[in-house]
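Count residues from 1 along the sequence. FYI, side chains are in, hydrogens and waters are out, and symmetry mates aren't considered; it's all heavy atoms of this structure.
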Amino acid sequence: MSKRTLALLAALGATTIYGINHTLAKGVMPHYVGAFGFIMLRLGGATILFWAISIFGPKEKIEKKDWGRIFFCSLLGMAINMLAFFKGLELSTPINSSVLVTITPIIVVVLSALFIKERITWNKGLGIFMGFIGALGLILFGAEIRQDAPNIPLGNMLFVLNATVYGSYLILIKKLIEKYHPFTLMKWLFAIGLVLAFPITFPEFSEIDWLNMPLWVYGVIAFVVIGTTFLTYLFNVFALTELKASTVGAFIYLQPLLGILFALSSGKDHLTLVKILATVLVLLGVYLASRKPKPSP
């Protein structure tokens, strides 16, 4: 099997894990693990794993001038990002989360235009408009009466916050990725994120009843910590060594499809006309916003 094929499988594997995560993580919240308690598990577990694997990477020292950027990357990408997503998932539904997290490329385009003055073409402008109409439709008209989704509009707004801060993180982290090895960055980003989120996450973490927890819940926790938080990053890094960033980025279109199919097949969610229309608008918007213009002849 060629390295390119393995890279494609790695990118597909990461996307599949993300798609499944929406339903599995939702299934244990908040009865067994609260959203914020889950984030402490994710940050703590990933910190241990990345510090362990960093032994096999280069021994790098972070320059003093880069610590400020690392702090804000950790605040946005590891603390606010994760807290907003899991709290949103606790309040909303797996299908809503599968759709709304894919607007991150649109957020990146908007933030790039605002802060690094990248030009927005007509296609990108139309894509931004369509994506936000889809997201707004889910927030305003996607409310349902469900015991497992106590505040869908607020949860959907938290998904948009999640996509916004993650888009900001992707812009900030770009210079650091060009300078430091991924293992060096991740071990520090997750460690700082763990410290930043500790006051918010520890109360719910301390309430977890480990002794009376069913075995399958331990399996879900392991999947989220090892799979969603650790392996997906490694898979994407490996994929980027053999594939173009645009090729890896294209796999984001599969995430809502896989997330929706898994949620439906497991009986944890259902489709409505609003969800279908919003999904179509968001995916078309992401496609138009992230498509590179053809070079002039």
Side-chain angles (χ1 to χ4, degrees), residues 15-27 29 35 81-111 113 120 122-168 170 228 249-291:
T15 303
T16 303
I17 290 172
Y18 281 134
I20 292 172
N21 175 70
H22 298 283
T23 298
L24 288 186
K26 172 73 175 176
M29 297 189 298
N81 164 50
M82 289 189 183
L83 290 168
F85 175 73
F86 264 66
K87 192 63 180 179
L89 189 58
E90 185 180 285
L91 297 174
S92 189
T93 70
I95 287 180
N96 287 346
S97 66
S98 299
V99 173
L100 288 173
V101 295
T102 58
I103 69 170
T104 296
I106 295 177
I107 299 294
V108 171
V109 170
V110 173
L111 292 175
I120 293 183
W122 280 106
N123 270 349
K124 286 186 177 182
L126 179 60
I128 291 166
F129 176 75
M130 292 176 70
F132 278 116
I133 289 297
L136 197 62
L138 272 182
I139 292 170
L140 297 178
F141 306 110
E144 308 167 51
I145 299 174
R146 291 176 51 159
Q147 285 187 335
D148 65 339
N151 196 334
I152 290 176
L154 178 57
N156 290 347
M157 289 176 67
L158 288 172
F159 292 141
V160 174
L161 173 63
N162 155 254
T164 303
V165 295
Y166 189 67
S168 305
L170 291 176
T228 308
F251 279 85
I252 198 168
Y253 298 107
L254 281 176
Q255 191 181 145
L257 176 62
L258 294 170
I260 289 170
L261 288 175
F262 189 77
L264 294 176
S265 63
S266 59
K268 299 297 184 182
D269 207 345
H270 60 275
L271 281 174
T272 63
L273 182 60
V274 169
K275 289 178 183 178
I276 294 170
L277 291 175
T279 301
V280 171
L281 282 171
V282 167
L283 289 182
L284 280 175
V286 171
Y287 170 72
L288 290 172
S290 57
R291 190 176 67 168

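The distance from the CG atom of Asn96 to the OG1 atom of Thr93 is 3.0 Å, given to the nearest 0.5 Å. In this structure, Ile260 CD1 and Leu264 CG are separated by 7.0 Å, a value rounded to the nearest 0.5 Å. The structure places OG1 of Thr164 at 10.5 Å from CG of Asn81, a figure rounded to the nearest 0.5 Å. Remark: Lys87 NZ to Leu154 CG distance equals 9.0 Å, nearest 0.5 Å.
At distances below 3.5 Å, at least one donor-acceptor pair connects side-chain atoms of Ser266 with backbone N or O atoms of Ala263. Under the 3.5 Å distance criterion, the side-chain polar atoms of Ser92 are left unmatched by any main-chain donor or acceptor of Gly88.
In this structure Met29 satisfies the side chain to side chain contact (heavy atoms under 4.5 Å, CB included) test together with Ala35, Phe38, Phe86, Leu89, Glu90, sequence neighbours excluded. Checked against side chain to side chain contact (heavy atoms under 4.5 Å, CB included), Ile133 has the following partners two or more places apart in sequence or in another chain: Phe129, Leu281. Listed by chain and residue number, His22 satisfy the side chain to side chain donor-acceptor pair (under 3.5 Å) test with Ser97 (two or more places apart in sequence, or in another chain). Every residue two or more places apart in sequence or in another chain that forms a side chain to side chain contact (heavy atoms under 4.5 Å, CB included) with Leu161 is listed here: Ala84, Leu158, Val165. The side chain to side chain donor-acceptor pair (under 3.5 Å) search around Thr228 returns Asn21, not counting sequence neighbours. Applying the ring pair (Phe, Tyr, Trp, His ring centres under 6.0 Å) rule to Tyr166 yields the partners Tyr169; only residues at least two apart in sequence or on another chain are considered. Evaluation of the side chain to side chain contact (heavy atoms under 4.5 Å, CB included) rule for Ala163 yields Ile103, Thr104, Ile107 as partners, not counting sequence neighbours.
Annotation for Phe159 and Phe85: closest pair CE2-O, 3.5 Å, computed over non-hydrogen atoms.
Atom CE of Met157 has 12 or fewer neighbouring heavy atoms from other residues, nucleotides or ligands inside a 6.0 Å radius.
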What verdict does the side-chain contact (heavy atoms from CB on, under 4.5 Å) test give for Leu258 and Thr15, after you've listed the backbone C-alpha separation in whole Å, the side-chain angles of each residue and the deciding distance to 0.1 Å?
CA-CA 8 Å; Leu258 294 170; Thr15 303; 4.0 Å; yes

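Using a 4.5 Å cut-off on side-chain heavy atoms (C-beta onward), Ile152 and Leu91 make no contact.
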